[in-house]
**Student:** 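One structure coming up, written as structure tokens, with questions to follow.
So you know, we letter chains A, B, ... as the sequences are listed, proteins then strands, and number each from 1. Scope of the values below: all heavy atoms of this structure, side chains included, with no hydrogens, waters or symmetry mates.
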2 protein chains.
Amino acid sequence: MQDHLTSTFSALADPTRRAMLARLAQGPATVTELAEPFALALPTISRHLKVLEGAGLITREKSAQFRPCRLEARPLEEADAWIGTYREFFSQRFDALEAQLKTMMAAKAKEEDKQ
Amino acid sequence: MQDHLTSTFSALADPTRRAMLARLAQGPATVTELAEPFALALPTISRHLKVLEGAGLITREKSAQFRPCRLEARPLEEADAWIGTYREFFSQRFDALEAQLKTMMAAKAKEEDKQ
DNA sequence: ATCGTATTTGCATCATTGGCTAAATACGCA
DNA sequence: TGCGTATTTAGCCAATGATGCAAATACGAT
């Protein structure tokens, strides 16, 4: 799983894990807390967390028998930066749409002039 | 593969596919053109493209025996929006860093005052 | 030392994925 | 019609991933 982006995106490619991140965005949580919303066995949850940890999306401390998980921004920022590369492309597309819209409106106006 | 984000992220979770998108950001290309930079058999390329198409990241027309692929912005925008949810979290972290830096600088200044 | 809670590890299973080769398909052109 | 190029389908394999159950581990509290 070589580079960061690959492990980050593949970690994000799972709804359960995305939901976990959403939960963690509101503050740290234990494994059991994170498991609560899902109909999944704890070992399964544990493994999802390991994937997230492997991607650097979360870190965990060891506090008594609990393992509080904490969201880490770094990989998300990197993913954001990668997608950011295409933002120009988004706007181009948007501009094109806008241009087309203008053309249509102009045509329509012209049409109405005739009447 | 239920929702858009899942298929989008899992499509992005492969370096070859990301490279293909990077190429397509500069304009449409045929399968063979897209295959050129990689040491992969054409059927493999073809399947990568099918994944990208399945995620809506590309569309293709049929022009003679060629299948030009074109980058589509929509899924990237959605992924961008999802990650955008966490942007506040990024900046928080950044602010914290900045605050810490200020504290350190203040401490250092104080230290120098003493001398 | 023992009990109970929190979490992980160890198989086993089933589906998916990425890759290859060989064969099929689709189309323009001679 | 027949050839050559472009691309996909089919079949096979190895690796990975998601999930469950049962057992192990870790640690606080009694």
**Student:** Does A:Ser46 put a side-chain nitrogen or oxygen below 4.0 Å from OP1 or OP2 of C:dT8?
**Tutor:** yes

**Student:** Answer whether the closest heavy-atom distance between the side chains of B:Leu57 and B:Val51 falls below 4.5 Å.
**Tutor:** no

**Student:** Could you state the atom-to-atom distance from CG of B:Leu42 to P of D:dT5 in whole Å?
**Tutor:** 13 Å

**Student:** Report the distance from atom CG of A:Leu12 to atom C1' of D:dA18, rounded to the nearest whole Å.
**Tutor:** 17 Å

**Student:** Less than 4.5 Å apart, any side-chain heavy atom of A:Phe89 and any of B:Leu24?
**Tutor:** no

**Student:** Using modelled atom types only, decide if a donor and an acceptor are shared between the side chain of A:Arg17 and the backbone of A:Ala11 within a distance under 3.5 Å.
**Tutor:** yes

**Student:** Starting at CG of A:Leu49 and ending at P of C:dT9, how long is that distance when rounded to a whole Å?
**Tutor:** 12 Å

**Student:** Using atom CD1 of B:Ile45 as one end and atom P of C:dT21 as the other, report the distance to the nearest whole Å.
**Tutor:** 13 Å

**Student:** Can you tell me the distance, in whole Å, between the CZ atom of B:Phe38 and the P atom of C:dG18?
**Tutor:** 13 Å

**Student:** Starting from C1' on C:dT7, measure out to CD on A:Glu33 and report it in whole angstrom.
**Tutor:** 13 Å

**Student:** Check the distance between D:dC27's P and A:Phe66's CZ and give it to me in whole angstrom.
**Tutor:** 12 Å

**Student:** Answer yes or no: is there a side-chain heavy-atom contact under 4.5 Å between A:Thr85 and B:Arg18?
**Tutor:** no

**Student:** Less than 4.5 Å apart, side chain to side chain, heavy atoms only: is that true for A:Thr44 and A:Phe38?
**Tutor:** no

**Student:** Output yes when at least one side-chain N/O atom of B:His48 is less than 4.0 Å from OP1 or OP2 of C:dT17, else no.
**Tutor:** no

**Student:** Rounded to 10°, tell me the angle between the two end axes of the helix from C:dA1-D:dT30 to C:dA30-D:dT1, each built from five pairs.
**Tutor:** 10°

**Student:** Starting at CG of A:Asp14 and ending at P of C:dT17, how long is that distance when rounded to a whole Å?
**Tutor:** 13 Å

**Student:** Report which part of the nucleic acid A:Ala39 touches: base, sugar-phosphate, or nothing (heavy-atom distance under 4.0 Å, all strands).
**Tutor:** sugar-phosphate

**Student:** Should B:Arg67 and B:Glu61 count as side-chain neighbours, where that means a heavy-atom distance under 4.5 Å?
**Tutor:** no

**Student:** Heavy atoms only, 4.0 Å cut-off, all strands: where does A:Thr30 land among base, sugar-phosphate and nothing?
**Tutor:** sugar-phosphate

**Student:** D:dT7 phosphate, OP1 or OP2: any side-chain N/O from B:Lys50 under 4.0 angstrom?
**Tutor:** no

**Student:** Compare every heavy atom of B:Ala79 with every heavy atom of B:Leu5, then report the nearest pair and how far apart it is.
**Tutor:** CD2-CA, 3.9 Å

**Student:** Tell me whether the OP1 or OP2 atom of D:dG17 has a side-chain N or O from A:Arg17 closer than 4.0 Å.
**Tutor:** no

**Student:** Does any part of the side chain of A:His48, heavy atoms only, come nearer than 4.5 Å to the side chain of A:Leu34, both counted from C-beta?
**Tutor:** no

**Student:** At under 4.0 Å, does any side-chain N or O of B:Arg47 touch on OP1 or OP2 of C:dC20?
**Tutor:** no

**Student:** Between B:Arg60 and D:dT8, is there a contact of a side-chain N or O with OP1 or OP2 at under 4.0 Å?
**Tutor:** yes

**Student:** For A:Phe9 and B:Leu12, work out which heavy atoms get closest and say how close.
**Tutor:** CD1-O, 3.5 Å

**Student:** Among residues at least two apart in sequence or on other chains, which ones pass side-chain hydrogen bond (donor to acceptor under 3.5 Å, both in side chains) with A:Glu78?
**Tutor:** A:His4, A:Arg74

**Student:** Just checking B:Leu40: base, sugar-phosphate only, or nothing, at a heavy-atom cut-off of under 4.0 Å?
**Tutor:** sugar-phosphate

**Student:** Taking protein heavy atoms under 4.0 Å as touching, what does nucleotides 23-30 of chain C look like 5' to 3' if B marks base contact, S marks sugar-phosphate-only contact and - marks none?
**Tutor:** ----BS--

**Student:** Taking only side-chain nitrogens and oxygens of B:Thr32, does any of them come within less than 4.0 Å of OP1 or OP2 of D:dA6?
**Tutor:** no

